[in-house]
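What follows is one structure encoded as C-alpha cells, with my remarks underneath.
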Amino acid sequence: MSPAGDWHGYAALKFGGKIMAFCEEHDLGRAHGAETGFILENGPDTLRAPDASFISKDRLKPLQHGFIKGSPDLAVEVVSPNDTTAEVEEKTQMWLDRGTHEVWVAYPKTKSVLIHGREAEPIILGPNDTLDGGPMLPGFTHRVGDFFE
C-alpha cells in the first residue's frame, strides 16, 4: 500500500493520540497507531493494520517485537479518497467478525464518523456531534470535528 495522504495521516494520528492520552490517564489499556499489525488468522496468515486501535487492560499482553495475535477491542479506520464503499464495509465487517467490539470509520471529507458495533445498528455522527467511548472507554468524549481540525 502507498503511504497515507495528508488528511488521512493527520486524522489517524488525532484519533490515536486522543485515545492514547485518555487510556494512559485512566489506565484503561493500550492504544496503537497506524501500521500496527494484528494477526487475525493463521494458515495462511491474515494480517491487518487499522489506522488507530485500542486493547483493553484485561486483554493486554506484555509489549513484544512482532505483530499482535488477535484483534483489538476498538479499530479506527480513516477513509481515503480512493477507498470504495465496498472496501470500507468489507474491512469493517472483517474486524467485527474477528472479535473487535467497535469500529469507528472516519470520513475526513465530511468530518464524520460512522460507528459500527457487533450488536448494534451503525450510528453516524457529524462534526458537531459528540463521540462517546461508551463502556470500552468510559468518560472518553470528543466533538467529532475536533479529530479533523
Side-chain angles (χ1 to χ4, degrees), residues 1-125 131-142 144 147-148:
M1 299 218 34
S2 52
D6 192 15
W7 261 115
H8 187 111
Y10 181 76
L13 185 58
K14 286 281 278 218
F15 275 95
K18 287 182 183 295
I19 294 168
M20 176 179 251
F22 187 81
C23 288
E24 288 181 349
E25 181 180 345
H26 299 282
D27 194 29
L28 295 174
R30 187 180 305 133
H32 291 88
E35 307 309 319
T36 301
F38 289 84
I39 298 174
L40 301 179
E41 293 178 356
N42 292 106
D45 288 350
T46 301
L47 178 68
R48 297 292 183 264
D51 293 307
S53 59
F54 163 75
I55 300 173
S56 63
K57 187 175 180 177
D58 62 325
R59 293 186 56 234
L60 278 181
K61 295 182 174 118
L63 283 169
Q64 61 188 353
H65 294 281
F67 302 122
I68 298 169
K69 291 179 176 70
S71 63
D73 292 297
L74 169 67
V76 178
E77 294 287 354
V78 178
V79 177
S80 295
N82 57 341
D83 289 341
T84 68
T85 300
E87 289 169 336
V88 173
E89 288 174 356
E90 180 181 336
K91 197 182 296 187
T92 299
Q93 195 58 52
M94 179 217 40
W95 286 118
L96 295 171
D97 289 347
R98 302 311 190 284
T100 300
H101 296 289
E102 273 190 5
V103 179
W104 297 349
V105 180
Y107 293 88
K109 186 175 181 179
T110 59
K111 297 182 181 178
S112 62
V113 174
L114 182 58
I115 301 170
H116 293 269
R118 288 194 310 202
E119 299 175 16
E121 290 296 314
I123 299 168
I124 187 82
L125 300 175
L131 179 60
D132 183 323
M136 194 170 23
L137 296 169
F140 179 90
T141 58
H142 286 279
V144 171
F147 292 100
F148 306 103

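Atom set for the values below is all heavy atoms of this structure, side chains included, hydrogens, waters and symmetry mates excluded. Not measured: the values here are computed from a predicted model.
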Heavy-atom pair of closest approach, residues Pro72 and Ser53:
CB-CB, 3.8 Å
Between the NZ atom in Lys57 and the CG atom in Leu28, the distance rounded to the nearest 0.5 Å is 8.5 Å
Distance col, row Glu90:CD vs Asp83:CG, nearest 0.5 angstrom, shows 11.5 Å
From Gln93 CD over to Arg118 CZ, what is the distance, rounded to the nearest 0.5 angstrom?
11.0 Å
In sequence, state the C-alpha distance, the side-chain angles, and the governing distance for Trp95 and Leu40, and then conclude on side chain to side chain contact (heavy atoms under 4.5 Å, CB included).
CA-CA 9 Å; Trp95 286 118; Leu40 301 179; 3.9 Å; yes
Considering non-hydrogen atoms only, spot the tightest contact between Gly133 and Trp104 and give its length.
CA-CZ2, 4.3 Å
Residues in ring-ring contact (aromatic ring centres under 6.0 Å, His included) contact with Phe22, at least two apart in sequence or another chain:
His26, Phe140
Go through Glu24 and Met20 one step at a time and tell me if the side chain to side chain contact (heavy atoms under 4.5 Å, CB included) criterion holds.
CA-CA 6 Å; Glu24 288 181 349; Met20 176 179 251; 3.8 Å; yes
What do you reckon, is CD of Glu35 surrounded by more than 12 foreign heavy atoms closer than 6.0 Å?
no
Which heavy atom of Leu114 sits nearest to which heavy atom of Pro122, and what is that distance?
CD1-CB, 3.9 Å
Can you give me the closest heavy-atom contact between Pro108 and Val78, atom names plus distance?
CG-CG1, 3.6 Å
Kindly indicate whether the side chain of Pro50, heavy atoms from C-beta on, has any atom under 4.5 Å from the side chain of Phe38.
yes
Met136 CE to His101 NE2 distance, which is reported to the nearest 0.5 Å
7.5 Å
Taking C-beta and beyond as the side chain, do Arg48 and Lys91 meet within less than 4.5 Å on heavy atoms?
no
Is it the case that more than 12 heavy atoms not belonging to Gln64 sit under 6.0 Å from its CD atom?
yes
Heavy-atom nearest pair, Gly99 first then Ser71, reads C-OG, 3.4 Å
Can you tell me how far the CD1 atom of Ile123 sits from the CD atom of Glu102, to the nearest 0.5 Å?
8.0 Å
How many angstroms lie between NE2 in His116 and OG1 in Thr92, if you round to the nearest 0.5 Å?
4.5 Å
Begin with the C-alpha distance, continue with both residues' side-chain angles, and end with the deciding distance and a verdict on side chain to side chain contact (heavy atoms under 4.5 Å, CB included) for Leu131 and Phe15.
CA-CA 11 Å; Leu131 179 60; Phe15 275 95; 4.0 Å; yes
